[in-house]
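Computed from a predicted model, the values in this text were never measured in an experiment. We count ligands from 1, going down the list as the structure has it; atoms in each ligand are counted the same way.
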Amino acid sequence: MSTVNVSVPATTANLGPGFDCIGAALTCYNQFQFALTEDTLNPLKITVTGAESHRVSIDQTNLIYQAFVNFYQHLDKSPPSIAINIELGIPLSRGLGSSATAIVGGLVGANELAGQALSIEEVMELAIAIEGHPDNVVPALLGHCQLSVGERGNWQICQVPWHQDLIPVVGIPNFELSTQEARGVLPKQLSRADAIFNIAHMGLLIRALETANTDWLAMALEDKLHQPYRQSLIPGYEAVKQAAIAAGAYGMVISGAGPTLLAITSPKQATEVIKGMETAWQSLDIIAQVRSLSLDTQGARIFY
Ligand SMILES: Nc1ncnc2c1ncn2[C@@H]1O[C@H](COP(=O)(O)OP(=O)(O)OP(=O)(O)O)[C@@H](O)[C@H]1O
Ligand SMILES: N[C@@H](CCO)C(=O)O
C-alpha cells in the first residue's frame with residue numbers, strides 16, 4: 001500500500017484545573033493524505049486546502065513532516081519520498097490542538113506506511129516527546145477524554161468518562177495566540193495554597209464529568225495555575241464567561257492555551273449559550289465562531 005489517509009480530531013486541553021494532563025477530543029477534524037513517491041530529487045511535496053491554508057509551511061519545517069521524519073529516525077531509517085495533502089478543518093493556534101493533529105497525523109501516517117512497525121503506545125510516546133506535554137496528543141490519538149500521568153517512557157493513560165448530558169461549546173475568536181506565548185506568562189512557582197486548590201478541583205472535575213453533577217462541575221472548572229495569568233491575553237474573556245454562565249453554562253474555561261473559550265452546558269441550554277457567547281464577542285467588535293461540538297470517541301482514524 002502506497003497511500004494512506006489519516007483523520008485526527010481537535011482537542012481541548014486543561015479543562016480548567018488539569019493543566020498539561022487532561023484533554024478531550026472534539027468532533028472537528030484535520031485530514032492528511034500521505035502518498036509515497038519515487039521522486040528522490042524532490043523528496044517532499046506538500047499541498048494544503050481549507051481555511052488558513054496559506055499559513056501552513058510547505059517545506060521541511062512543516063510539523064507533520066517533522067513528525068513523519070522523527071518516526072523514521074526512531075527506526076534508524078531514512079524517510080521515503082512523500083507527497084502530503086493537508087485538509088485543514090481546525091483553526092491554527094486557537095487552543096484546539098492543531099499542532100497535536102499535525103504530530104499525531106505525521107506519526108500515524110508514517111507508521112501505517114511502514115506496516116505498523118510501532119504499537120499505538122510507542123506512537124503515543126513519540127507524540128508526547130515531540131509536543132512536550134500529553135494533554136492534546138493523547139486524546140487526538142485515542143479519542144475520548146484522557147488523563148495522562150507519568151513521565152517519559154512511563155505513562156499511565158486513563159480514559160475519563162464524559163457524561164452525555166455535558167455539551168462542549170467552543171467560542172473561537174479570529175485572533176491567534178501561540179502556545180509558546182501563552183506559556184510564557186505563567187509563573188515558574190506556585191504557592192502551596194494554589195497547588196492544593198488545583199489538586200482538589202481536579203479530583204472534583206473527574207467525578208463531575210462522569211456524573212454530570214452540575215454543582216460539582218461549576219466549581220471544578222475553576223483553576224489557579226494558568227487561567228488567571230492568561231485571561232489578559234484574551235480580549236473579551238470575562239464578558240464571554242459571564243454571558244455563557246448567564247445563558248446556562250455550568251462554567252467556562254480557556255481551551256488549551258487559548259484564545260478559544262470552552263463552555264460546558266446542557267443539551268437544552270446549548271443554543272442559548274451559543275447566542276450569549278456570540279453576542280458578547282460581537283459587543284466587543286470581535287469576530288468569533290461559536291458552536292457546540294460532541295466528544296470524539298475514535299481518535300486518529302486511518303482510511304484508504
Ligand atoms: N496542519 C498543520 N500542518 C503543519 N503545521 C501545523 C498544522 N497545524 C498546526 N501546525 C503548527 O502548529 C502551530 C500551532 O501550534 P500551537 O501549539 O501554537 O497552537 P494549537 O496547537 O492550535 O493550540 P493548543 O496547543 O493551545 O491547543 C502552527 O503555527 C503550525 O506551526
Ligand atoms: N496544556 C497546554 C495545552 C496547549 O498546548 C497549555 O495550556 O499550554
- Work out whether the distance between some heavy atom of H226 and some atom of ligand 2 is less than 4.0 Å. no

* Do R207 and E210 meet the salt-bridge criterion of a basic N to acidic O distance under 4.0 Å? -> yes

The answer for which part of R94 has a heavy atom under 4.0 Å from ligand 1 is backbone

Checklist line | Y72 six-ring centre to K77 NZ/CZ under 6.0 Å and within 45° of normal | finding: no

Here the atoms of ligand 1 under 4.0 Å from any heavy atom belonging to L92 are 7 (C), 8 (N), 9 (C)

In terms of the angle between their ring planes, are F175 and W281 parallel, tilted or perpendicular, with boundaries placed at 30° and 60°? perpendicular

Only distances under 3.5 Å count here; give the side-chain donor-acceptor pairs of residues 54-62 to other protein atoms, sequence neighbours excluded, each with its distance to 0.1 Å.
residue, atom, partner, partner atom, Å
R55, NH1, E176, OE1, 3.2
R55, NH1, E176, OE2, 2.3
R55, NH2, E176, OE1, 3.4
S57, OG, T61, OG1, 3.2
S57, OG, N62, N, 3.3
D59, OD1, T61, N, 2.9
D59, OD1, T61, OG1, 2.5
N62, OD1, I64, N, 2.8
N62, OD1, Y65, N, 3.3
N62, ND2, S57, O, 2.7

Ligand 1 to S178, heavy atom cutoff 4.0 Å, flagged ligand atoms 18 (O)

Atom 5 (N) of ligand 1: closest protein heavy atom, distance to 0.1 Å, is L63 CB, 3.7 Å

Could you check whether any heavy atom of S93 sits closer than 4.0 Å to an atom of ligand 1, since that is the contact criterion I want to use?
yes

among protein heavy atoms, the one nearest atom 3 (N) of ligand 1 is I64 CD1, 3.3 Å

Ligand 1 atoms nearer than 4.0 angstrom to some heavy atom of V56 are 3 (N), 4 (C)

Note: with side-chain heavy atoms under 4.5 Å as the link, the other cluster members for I206 come out as L15, I22, L26, I90, L96, L147, V149, V160, W162, L166, V170, I172, M202, L205, L209, L217, L221, Y250, V253, L262, I264, L293, L295

| Backbone or side chain, does any N or O of E131 fall under 3.5 Å from an N or O of ligand 2? | no

heavy-atom search around atom 1 (N) of ligand 1 in the protein gives L88 CD2, 3.4 Å

Counting heavy atoms under 4.0 Å, the part of L96 that contacts ligand 1 is backbone

